[in-house]
2 protein chains.
Amino acid sequence: MSTIGFSEHDHASCIARAVRDVEARCEEARLQLTPVRRRVLEILLDGHRAMGAYDILDLLRREGLGSQPPVAYRALDFLVKHGFAHRIEKLNAFVACTHPGADHAPAFLICRDCSAVAEAHEARVALDESARQSGFAVESAVIELEGLCPLCQNGAGA
Amino acid sequence: MSTIGFSEHDHASCIARAVRDVEARCEEARLQLTPVRRRVLEILLDGHRAMGAYDILDLLRREGLGSQPPVAYRALDFLVKHGFAHRIEKLNAFVACTHPGADHAPAFLICRDCSAVAEAHEARVALDESARQSGFAVESAVIELEGLCPLCQNGAGA
DNA sequence: GGACTAATGTGATATTATAACAGTCGTGTC
DNA sequence: GACACGACTGTTATAATATCACATTAGTCC
């Protein structure tokens with residue numbers, strides 16, 4: 001699927017499925033999943049963790065898909081805007097969305113050891129309640145919890 | 001109290017009180033509230049909103065307290081480390097803590113109109129519960145809600 | 001085909017943050 | 001008093017992240 005893949009397992013097929021899913025959504029919503037945008041999505045899915053814009057740009061460069069920062073940022077903006085990826089503020093980095101479609105603003109669980117990022121959806125509700133009570137009208141939320149994932153707590157190290 | 005103050009009201013006295021409070025805590029904890037650190041705290045209190053490191057640095061420069069980025073960053077690191085200020089990831093900016101002492105990791109309500117930042121403490125609990133259930137060990141949390149504060153919802157504009 | 005919008009290519013630059021190392025200053029020790 | 005030590009500061013340089021501006025290309029509608 002890519003020049004990057006070191007971990008073969010069934011990762012490739014799960015990426016392929018995710019890409020097809022996004023493809024379908026784009027078609028439905030009349031969005032253009034152009035080569036660069038598609039490739040950036042694949043890179044994020046393949047990386048399977050939060051990646052910096054310049055990490056992604058490096059890969060694009062090697063593949064001749066773009067060499068200047070705006071190329072990466074524009075693709076990332078597109079993916080984030082339409083919910084196919086998320087920006088992790090704490091890391092100045094990006095992850096592919098693991099629940100595309102569920103129109104959401106999830107919480108993220110970031111492992112400081114293996115850098116894995118998980119989405120947690122239940123977390124939102126209580127927060128909105130709390131803010132609303134104070135009269136504050138929430139429009140967007142950044143909820144990022146850093147710590148150790150279950151695997152790394154056991155010394156697995158992902 | 002400072003060369004910056006445009007809004008006179010009783011802001012000055014509330015800043016003075018906050019500074020004295022931090023002073024006391026530093027004395028107790030054997031921390032050095034040096035001139036630069038103290039001035040950065042005052043600037044944050046006076047600004048009364050999230051300020052970028054370079055905004056602060058500009059003010060320090062005019063006062064001859066330091067001219068290079070590390071000066072501002074070191075003072076901010078100190079204040080954040082000891083809970084006298086907080087970093088707002090979403091804004092790459094800093095605010096003075098409004099509840100120093102309560103050893104906390106609060107949620108922030110950020111008004112996109114007037115840039116005011118409020119701390120909300122009730123919000124935490126539900127999140128920790130949620131994360132814990134997934135087996136993830138939370139060590140630090142970034143919870144930032146952007147929207148409109150009650151004043152700006154009324155067209156006040158703070 | 002002409003007008004339009006969306007996307008890309010590219011060079012330059014803005015913004016945020018840190019590394020590295022030398023100098024200063026107080027404090028304790030002998 | 002000389003010294004060693006630690007914490008802080010001053011300064012240069014540079015890294016890392018992000019955006020602006022403008023020219024060009026590609027697709028779409030009429």
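Chain naming here is simple, since letters A, B, ... match the order of the sequence lines and numbering starts at 1 in each.
Here the side chain of A:Glu119 pairs no donor or acceptor atom with the backbone of A:Pro106 at under 3.5 angstrom.
Nucleic acid contact for B:Arg87: sugar-phosphate only, since backbone atoms but no base atoms lie under 4.0 Å from a heavy atom of the residue.
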Report, one pair per line, the protein and nucleotides 8-11 of chain D atoms (nitrogen or oxygen only) whose separation is under 3.5 Å.
| residue | atom | partner | partner atom | Å |
| --- | --- | --- | --- | --- |
| D:dC8 | OP1 | B:Arg37 | NH1 | 3.1 |
| D:dC8 | O5' | B:Arg37 | NH2 | 3.3 |
| D:dT9 | OP1 | B:Thr34 | OG1 | 2.7 |
| D:dG10 | N7 | B:Arg74 | NH2 | 2.7 |
| D:dG10 | O6 | B:Arg74 | NH1 | 3.2 |

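Atom-to-atom, CD1 of A:Ile56 to P of D:dA18 comes out at 11 Å; the value is rounded to the nearest Å. Between B:Lys90 atom NZ and D:dT17 atom P the separation is 19 Å, expressed in whole Å. The CG-P distance, from A:Leu91 to D:dA16, rounds to 16 Å in whole Å. One interatomic measurement links the two molecules: CG of A:Asp77 to P of D:dT17, which rounds to 16 Å at whole-angstrom precision.
Here A:Phe108 sits in one hydrophobic cluster together with A:Ile88, A:Leu91, A:Val95, A:Ile110, A:Val117; the rule is ILVMFWY side chains under 4.5 Å apart, joined directly or through other members.
With sequence neighbours excluded, the residues satisfying salt bridge (Lys or Arg N to Asp or Glu O under 4.0 Å) with A:Arg112 are B:Glu139. A search for salt bridge (Lys or Arg N to Asp or Glu O under 4.0 Å) contacts involving B:Glu27 returns nothing, not counting sequence neighbours. Scored by the salt bridge (Lys or Arg N to Asp or Glu O under 4.0 Å) test, B:Asp77 finds no partners at all (sequence neighbours excluded).
A salt bridge does not link A:Asp58 with A:Arg62: none of the charged nitrogens is closer than 4.0 Å to a carboxylate oxygen. With salt bridges taken as basic N to acidic carboxylate O contacts below 4.0 Å, one links B:Arg39 and B:Glu42.
Below 30°, between 30° and 60°, or above 60°: for B:Phe78 and B:Phe84 the angle between ring planes is between 30° and 60°, a tilted geometry.
The base of D:dA15 lies outside donor-acceptor range of the side chain of A:Tyr54, with no N or O pair under 3.5 Å.
Here chain A contacts DNA chain C (any atom closer than 4.0 Å to a heavy atom, that is under 4.0 Å), and the contacts span C:dA6 to C:dG11 from 5' to 3'.
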